Amino acid sequence: MTAFVDTNVLVRHLTGNPPAQAARATRHLRRAETLLLPDLILAEVAYVLESYYEVARGQVAEALRAILAFRAIRVVDAALLQRAVEVYEVHRLDLADAYLVACAERTGVGAIASFDRSIDRVGTVRREEPA
């Protein structure tokens, strides 16, 4: 069976909290044939782990990579998401900005219209500040 997977299933599995739901989530992830993971859900997992559980950036990146490595998980562009996680971890951008960087790199556009100066830390894209 194919299904989309929600943030709460992934977070329960990763955190073990609450224990009963975590056990069910882990069992489901192991048994599932195909779980479709929208990019937005991966970003939400990062946000929940950072904000609610106060997980360190390196551990969040490791958790995101683990999610992408699940046998049943399917995404539209795994390489793009892996790059976004790399930018998130190495350049210390939030995952949404890291995703924009990865998209700008992948498409060859190379520019991002943004007021967020943290994007300047990544040398592979150019930030254009709206005037």
Side-chain angles (χ1 to χ4, degrees):
M1 183 172 125
T2 299
F4 282 93
V5 63
D6 192 8
T7 304
N8 55 40
V9 173
L10 299 169
V11 169
R12 299 292 175 256
H13 166 73
L14 292 168
T15 64
N17 187 24
Q21 285 186 358
R24 290 170 44 205
T26 298
R27 197 167 36 254
H28 187 76
L29 291 168
R30 286 189 180 137
R31 293 179 181 168
E33 290 179 33
T34 304
L35 294 171
L36 305 174
L37 176 64
D39 297 353
L40 180 62
I41 298 302
L42 193 68
E44 189 175 37
V45 169
Y47 176 78
V48 169
L49 291 176
E50 288 176 345
S51 64
Y52 184 79
Y53 289 95
E54 298 179 347
V55 176
R57 181 177 295 268
Q59 291 174 298
V60 172
E62 185 177 316
L64 298 178
R65 287 187 188 100
I67 289 169
L68 294 172
F70 276 128
R71 174 194 53 79
I73 293 289
R74 300 291 182 272
V75 297
V76 172
D77 190 337
L80 177 73
L81 291 176
Q82 291 286 359
R83 176 60 179 150
V85 172
E86 178 185 11
V87 171
Y88 161 83
E89 182 177 30
V90 172
H91 297 285
R92 305 192 58 76
L93 273 64
D94 65 36
L95 193 59
D97 288 336
Y99 183 82
L100 277 175
V101 167
C103 287
E105 291 173 345
R106 171 60 68 89
T107 60
V109 171
I112 298 170
S114 177
F115 293 109
D116 190 343
R117 292 184 180 175
S118 66
I119 293 169
D120 296 340
R121 295 194 292 254
V122 185
T124 58
V125 297
R126 181 180 75 261
R127 181 180 64 89
E128 296 179 353
E129 189 163 316

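Just so we're clear, the structure is a prediction, and the values are computed from it rather than from any experiment.
Residue pairs meeting the salt bridge (Lys or Arg N to Asp or Glu O under 4.0 Å) criterion with at least one member in residues 31-59, sequence neighbours excluded, do not occur. The ring-ring contact (aromatic ring centres under 6.0 Å, His included) analysis of residues 99-131, with sequence neighbours excluded, yields no pairs. Residue pairs meeting the ring-ring contact (aromatic ring centres under 6.0 Å, His included) criterion with at least one partner in residues 17-68, sequence neighbours excluded, are absent. For residues 62-76, the salt bridge (Lys or Arg N to Asp or Glu O under 4.0 Å) pairs, not counting sequence neighbours, are R65-E89.
When all heavy atoms are compared, the tightest approach of A72 to A32 is CB-O, 3.3 Å. Scanning both residues, P130 and S114, for their nearest heavy atoms gives CD-O, 3.8 Å. A pairwise comparison of heavy atoms in A98 and A84 identifies CB-O, 3.2 Å as the closest pair. Between Y88 and A61 the shortest heavy-atom distance is CE2-N, 4.0 Å.
Taking the side-chain hydrogen bond (donor to acceptor under 3.5 Å, both in side chains) definition, one finds that T124 meets it with E105, sequence neighbours left out. Every residue two or more places apart in sequence or in another chain that forms a salt bridge (charged side-chain N to carboxylate O under 4.0 Å, His left out) with D77 is listed here: R106. Partners of S118 by side-chain hydrogen bond (donor to acceptor under 3.5 Å, both in side chains), not counting sequence neighbours, listed by chain and number: D116. In terms of the side-chain hydrogen bond (donor to acceptor under 3.5 Å, both in side chains) criterion, residue partners of D120 (sequence neighbours excluded) are, by chain and number, R127. Under the side-chain hydrogen bond (donor to acceptor under 3.5 Å, both in side chains) criterion, R126 pairs with E128, not counting sequence neighbours.
Apart from M1 itself, the hydrophobic cluster it occupies contains nothing, where clustering links Ile, Leu, Val, Met, Phe, Trp and Tyr at side-chain heavy-atom distances under 4.5 Å. V122 belongs to a hydrophobic cluster whose remaining members, ordered by chain and number, are V87, L93, L100, V101, I112, I119, V125; membership requires side-chain heavy atoms of ILVMFWY residues under 4.5 Å apart, directly or through intermediates.
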| request: Check the pair L10 / L29 against side chain to side chain contact (heavy atoms under 4.5 Å, CB included), numbers first and verdict last. | output: CA-CA 8 Å; L10 299 169; L29 291 168; 4.0 Å; yes

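Considering V55, V11, N8 as possible partners of V48, the one that fulfils the side-chain contact (heavy atoms from CB on, under 4.5 Å) test is V11.
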Identify every side-chain donor-acceptor pair in residues 18-27 under 3.5 Å, counting partners at least two apart or on other chains, and give the distances.
residue : atom : partner : partner atom : Å
Q21     : OE1  : R12     : NE           : 2.8
T26     : OG1  : H13     : ND1          : 2.6
T26     : OG1  : A22     : O            : 3.1

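Contact annotation: the side chain of V75 never approaches that of L80 to less than 4.5 Å [non-hydrogen atoms, C-beta and beyond]. Taking 4.5 Å as the limit, some side-chain heavy atom of L64 sits within range of a side-chain heavy atom of L95. Residues L49 and T15 meet the side-chain proximity criterion, which asks for heavy atoms closer than 4.5 Å.
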